[in-house]
Protein chains: 4
Amino acid sequence: MATSKAYAIIAGVGPGTGAAIAKKFAQAYSVVLLARSTSSYSSLEKEINDSGGDAFGVSTDVSSPDSINNVLQEIDAKFGADSTCAAAIFNAAGKLTIKPFLEQTEEAFLAPFNVNCIGGFHFSQAVLPLLLKATNHSTTHPPTLIFTGATASLKASANFSSFAVSKFATRALVQSLTREFGPKGIHVAHAIIDGIIDTPGTADFMKDAGPDAKISPETIAETYWYLHTQPKSGFTNELEIRPSAEKW
Amino acid sequence: MATSKAYAIIAGVGPGTGAAIAKKFAQAYSVVLLARSTSSYSSLEKEINDSGGDAFGVSTDVSSPDSINNVLQEIDAKFGADSTCAAAIFNAAGKLTIKPFLEQTEEAFLAPFNVNCIGGFHFSQAVLPLLLKATNHSTTHPPTLIFTGATASLKASANFSSFAVSKFATRALVQSLTREFGPKGIHVAHAIIDGIIDTPGTADFMKDAGPDAKISPETIAETYWYLHTQPKSGFTNELEIRPSAEKW
Amino acid sequence: MATSKAYAIIAGVGPGTGAAIAKKFAQAYSVVLLARSTSSYSSLEKEINDSGGDAFGVSTDVSSPDSINNVLQEIDAKFGADSTCAAAIFNAAGKLTIKPFLEQTEEAFLAPFNVNCIGGFHFSQAVLPLLLKATNHSTTHPPTLIFTGATASLKASANFSSFAVSKFATRALVQSLTREFGPKGIHVAHAIIDGIIDTPGTADFMKDAGPDAKISPETIAETYWYLHTQPKSGFTNELEIRPSAEKW
Amino acid sequence: MATSKAYAIIAGVGPGTGAAIAKKFAQAYSVVLLARSTSSYSSLEKEINDSGGDAFGVSTDVSSPDSINNVLQEIDAKFGADSTCAAAIFNAAGKLTIKPFLEQTEEAFLAPFNVNCIGGFHFSQAVLPLLLKATNHSTTHPPTLIFTGATASLKASANFSSFAVSKFATRALVQSLTREFGPKGIHVAHAIIDGIIDTPGTADFMKDAGPDAKISPETIAETYWYLHTQPKSGFTNELEIRPSAEKW
């Protein structure tokens, strides 16, 4: 039974950016919350539903096509065949190992890539047909696919090869999708988050740097929403977001 | 006599982008319209004032410090010493000569630079003290300085050296200002317009390319407004805007 | 038995670029030729040895650490413990599938990445200790690690996501290595080959485009050699090579 | 009376990079040394001539077309109508003022642009016809035009707007020339010098940073010469040069 005709899918809804994006998009759409473990989305799901929104979470391994296909089936069961995928956000992030190159294992080296790029690949293959279908519906805004990037999308520092490989690679994926699906009416965008995001996990970072030294997740969510609202006569395919106090 | 406590200055308000930006910002602020000739702003000024906004135009040569200083005096006289400069938009553009390099004259080569970069220099020197002052006021959004860039801000094609020189140079100016004034609380941003803007002057371009082959000025204006509303916890300092149908 | 105290390793010596690089470096060093199949290096090996050089080939799967370790053992056996690794060139390339994104399989999508980036990872982990050791030897030129990039290292076109992902990713790997190992005296460089390389496989491409429409492998080899000869007082870490006639 | 049929022109031959380039190119060509004041080139001119080379200096203001035209007349008088311009190097640099933006004067802001970009414009307009003529001669290497760039060609730091404007602008000029004149057989290149050059003027910089913390002018000169020797089947149009010890 569909509780809404249009929905957004957000992959990677741990505390911080993903949760803020989900709450923002939940103001307009039903939201499907993907995270590896139930504990990552259950309180967010409850918070959104308690405040009048419509959210449901699915435990998902984005690097697994089977796991992603299961999401699609859950969506079909929940929203039905006439539902509209208004937006899909890929905010998943693999575990990061920062260390000298010669101390990296292949497993640790590939961990971010496996989630960020292979996960992004499977996520895109799953949601793009839904977004293409939505271009034929009467939607308020063009169907949108947004990826979260990072400073390491553009610059590979010493000891960060693993993270930078995953982020350069994902930027390439997004740029190619932008060029292929933009003319088909889908807004594909890449947001480069250039700074520390203010989350529970970064509470001890930059404590003495004053306000606005970290990026608030809500600001990122507002920007993603703005990207979603751009009409086809002017898409932003890449932008950066950084704190006003950032030295860059 | 001030008709409003906060105002925005828009340099370069010919038909198209500048006019759309002025109308958008006039929904929230008094707007000061700068153009070289009165004819470029008089109908826009009337349109905004007739629809309940507050606009006044000043004939200005942005490449002349005297002319820019005259604008500041007009603003002081009109809005008074306690007024707030909420935003300044630099959208002026010099005359473009596209031709083989060995046929370029120095005068034609420098014409875009003189307006885009030297004009941007004088405009920035005039408005940044106003924007700095505004950081001490209680404003809804951080004081904002936005420049209009182009494809040629990033790529210099054959026969386009004159335009690209002016646009690369202006991007450098903006990037340096971003780094200097961001930590002081001013949002400096550069919008790269990558495509043909849909204006009266481009009516005959891309006629067979279908809808959304050109960028609507209103979309650009909405994006500038969104940039203005970003809080200090997350500034976008550079973004691109292009039509969904653009091959890039 | 070592026929030379210094050697260069070239991974990816099919006809074209790899062979030209091997012949160039063979003028100064013993060369170790890596390719997946013996047929890719056997005639090159013979050609170099017949003309007074010293080459030996090893069938290698660069994406396999075991296979790479076997190369190191062969080198030890051949050149002995006091030998010097003067240069290592990574020119291997995975099979490329250009097609619409929704028709890509995961296997085809990852094929270039598995060779270019994972292969580059294992190759670098194997040769960097050799190159670090060489910084303590008396070498004519700083020990050098060069990767072959492509247009797709910087731009991801529609339908090229697979190739661009592998090339963006590898550029990130190289850039991180450059920053980590440059201060240790190793010259890490990335050469962006922006155009069609003139090989047997591209004989039918651009037939009517005149001379110099394709890049000669010998020119690439000369540039790699020049990179190798740069002293520590001035390294080029990234450059592009394109035909004079290229429209870019 | 010409002592050689082929010559190179080097603009900006103060101590350091320009002198090193002149000495390198003097090993193959007669060299024309341009500097604003005689004192900048007279000892270099003597040094080259005393060591068997052929050099002559001309006091030149590269930002003045008249001054540049005078150089062409001197070259005609010296080398005759059948002489060949093999290479032209633009290494001139305007006076740099690093200061907060609001303290910059227009004059100081434009000083680097006037030399680097307007000078580069006039220099290019003067030498490109000579280089085009040389493409019809039998030359060892393609006629070459090289510009010296800097870190500020790609990044505009706070307080560096003046320098960055000049360097971004000049990069645009070079990139446009590359695209226009490459297909005509002229090798146009831009070398980004990313670090402190080891000259008498920087003797006190980075004294404790160890060897190879600064870029040697000779290394830059060798790289320019290598660029000159590239055949049309593979031009490098942009590269960077930095010390091995550089943190970037």
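Chain naming here is simple, since letters A, B, ... match the order of the sequence lines and numbering starts at 1 in each. Note that the structure is a prediction, hence the values are computed from the model and not measured.
In terms of heavy-atom pairs under 4.5 Å with chain A, the best-connected choice from B:Thr229, B:Asp212, B:Val188 is B:Asp212. Contact tally against chain A (heavy-atom pairs below 4.5 Å) for B:Pro142, B:Ala245, B:Pro183, B:Pro243: the top residue is B:Pro183. When the candidates A:Glu222, A:Glu238, A:His187 are compared by the number of heavy-atom contacts under 4.5 Å with chain B, A:Glu238 comes out ahead. Interface check for chain B: of the options A:Ile215, A:Asp194, A:Ile220, A:Thr223, the most heavy-atom pairs under 4.5 Å are formed by A:Thr223.
Checked by atom type and distance alone, the side chain of B:Thr236 pairs as donor or acceptor with a backbone atom of A:Glu240 at under 3.5 Å.
The line from CG of B:Leu239 to CD1 of A:Ile241 is 10.0 Å long, rounded to the nearest 0.5 Å. The distance from atom OG of A:Ser233 to atom CD1 of B:Ile197, rounded to the nearest 0.5 Å, is 11.5 Å. Separation of atoms CZ (B:Arg242) and OG1 (A:Thr178) is listed at 8.0 Å; rounding is to 0.5 Å.
Only the side chain of B:Gln230 has a heavy atom closer than 4.5 Å to any heavy atom of chain A. Residue contact with chain A, scored on non-hydrogen atoms closer than 4.5 Å, involves the backbone of B:Lys214 exclusively.
Other residues, nucleotides and ligands place more than 12 heavy atoms under 6.0 Å from the NZ atom of B:Lys133.
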